[in-house]
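Working notes, beginning with the structure itself.
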Amino acid sequence: MKKLISTKDAIFAAAVSLFNDHGFDGTSVRDIAGKADVNPATISYYFKGKQGLLEACFTHFFEPYLRFLEEETSALPYIDAEVCLKRAVYKLLKFQSENHQLTRFIWREVSIDSQVVREIIASYLMKERFYLKCLFEKGMMDHSFKKQPVNFLIIQLKSMLTFPFLNSQQLREVWQLFPQEFYFVDHYYQQIDQWIRLMLVEQRNEPFEKEMLV
């Protein structure tokens, strides 16, 4: 039985699909209305136009994304930083895989220098950097992570987290999978897990058990 979705959700889903395929500038309100099978005025009612839809895309992506990082940062006083970092990575990969079209559009849009992007960087991306910095620095303070430049570690990890969604064809060539496939998360997570254990941890631990992610 097909699940019914609200008009607002249908508009949002149509916008994400078209933004992903054609870019924000290459998509019109009429295109979105046609795909969602609604009157263009309905889009203005729910989102105040295409710009409102763009802002909704950022909100739908970054609010859960940052919540996962905040959860693991909040757990640092009680749980080892290595475990918190690995759990954060797994959650972020799973969330991005489940929302692969939105993820690809967001990371692609963030790479464009615009007023909207600058505002996003000032709010969402600065929070992301803060949480990742806390995770790395706590591990170094506890002597479980090697002393390394934190900014460089953040760049490395961010590159690994965004690569599958911005370069899905290269991912396919290297690992024979796409980020939307159900086994992508477990397979790709193992690659980042190796980076964490070999590049950050002083003593190699046992492989990270999946049960620790629950």
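All of these numbers come straight from a predicted model, not from anything done at the bench.
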Sequence-distant partners of Y46, ring-ring contact (aromatic ring centres under 6.0 Å, His included), two or more places apart: none
Path from F163 to Y183 over hydrophobic side-chain contacts below 4.5 Å: yes
Ignoring hydrogens and angles, state whether a donor on the side chain of Y90 or D186 is under 3.5 Å from an acceptor on the partner side chain. yes
Any residue meeting side chain to side chain contact (heavy atoms under 4.5 Å, CB included) with S74, in chain and number order, not counting sequence neighbours: E70
Run the side chain to side chain contact (heavy atoms under 4.5 Å, CB included) test against D25 and tell me which residues pass, sequence neighbours left out. none
Can you check side-chain contact (heavy atoms from CB on, under 4.5 Å) on R87 and E71, steps first, answer last? CA-CA 10 Å; R87 292 197 312 195; E71 288 170 357; over 6 Å; no
Please list all pairs passing the salt bridge (Lys or Arg N to Asp or Glu O under 4.0 Å) test where one or both residues lie in residues 55-65, with sequence neighbours left out. none
Check K50 against T27 and note the closest heavy-atom contact, atom names and distance. NZ-O, 2.7 Å
For the atom pair CG (L153) and NZ (K146), what is the distance rounded to the nearest 0.5 Å? 11.0 Å
Test: salt bridge (Lys or Arg N to Asp or Glu O under 4.0 Å). Region: residues 148-160. Which pairs qualify, not counting sequence neighbours? E128-K158
V38 backbone acceptor or donor facing T42 side chain under 3.5 Å: no
Suppose we screen for side chain to side chain contact (heavy atoms under 4.5 Å, CB included). Which residues come up paired with D21, at least two apart in sequence or across chains? S17
Are any side-chain N or O atoms of R108 and backbone N or O atoms of N20, one a donor and one an acceptor, separated by less than 3.5 Å? yes
Charged N to carboxylate O under 4.0 angstrom, R197 versus E82? no
Side chains of N151 and R129: any donor to acceptor distance under 3.5 Å? yes
My understanding is that only residues two or more places apart in sequence, or in another chain, count here; which of them pass ring-ring contact (aromatic ring centres under 6.0 Å, His included) with F19? F24, F105
Intermediate values then yes/no, side-chain contact (heavy atoms from CB on, under 4.5 Å), H100 and F184: CA-CA 11 Å; H100 61 96; F184 158 77; over 6 Å; no
dist F165:CZ -> I106:CD1 (nearest 0.5 Å) comes out at 13.0 Å
Salt bridge K91-E72, side-chain N to carboxylate O under 4.0 Å: yes
Set of ring-ring contact (aromatic ring centres under 6.0 Å, His included) partners for F61, sequence neighbours left out: Y65, F95, W107
Who passes salt bridge (Lys or Arg N to Asp or Glu O under 4.0 Å) against K94, sequence neighbours left out? E98
I'd like to know whether L69 forms a side-chain contact (heavy atoms from CB on, under 4.5 Å) with L92, so could you lay out the CA-CA distance, the side-chain angles of the two residues, the decisive distance to 0.1 Å, and finally the verdict. CA-CA 8 Å; L69 287 172; L92 294 179; 3.9 Å; yes
Point-to-point distance, once rounded to the nearest 0.5 Å, from OG of S144 to CG of D80: 4.5 Å
Non-hydrogen atoms of V16 and L102 that approach each other most closely: CG1-N, 3.6 Å
Under 4.5 Å between side-chain heavy atoms, hopping through other hydrophobics if needed: is there a path connecting M141 to L135? no
What one should report as the nearest heavy-atom pair of L76 and C134 is CD1-O, 3.7 Å
With the side chain counted from C-beta on, respond yes when I32 and K35 share a heavy-atom pair under 4.5 Å apart, and no when they do not. no
Listed once per pair and sorted, the ring pair (Phe, Tyr, Trp, His ring centres under 6.0 Å) pairs that draw on residues 111-132, sequence neighbours left out: F62-Y124
Enter the distance from I43:CD1 to K8:NZ here, rounded to the nearest 0.5 Å. 13.0 Å
Separation of C84 SG from Y78 OH (nearest 0.5 Å): 11.0 Å
NZ/K127 to CG/L132 distance, rounded to the nearest 0.5 angstrom? 14.5 Å
For a quick check under 3.5 Å, do S28 and D31 share a side-chain donor-acceptor pair by atom type? yes
Evaluate the side-chain proximity of Y189 to K86: yes if any heavy-atom separation is below 4.5 Å, no if none is. yes
Taken in chain and number order and not counting sequence neighbours, the residues that satisfy ring-ring contact (aromatic ring centres under 6.0 Å, His included) with H60 are F12
Looking only at non-hydrogen atoms, find the nearest pair between A36 and A10 and report the distance. CB-O, 3.8 Å
In terms of hydrophobic clustering (I, L, V, M, F, W, Y; side-chain heavy atoms under 4.5 Å; direct or indirect links), are L166 and I112 co-clustered? no
Listed partners of M160 passing side chain to side chain contact (heavy atoms under 4.5 Å, CB included), at least two apart: L157, Y188, I192, W195
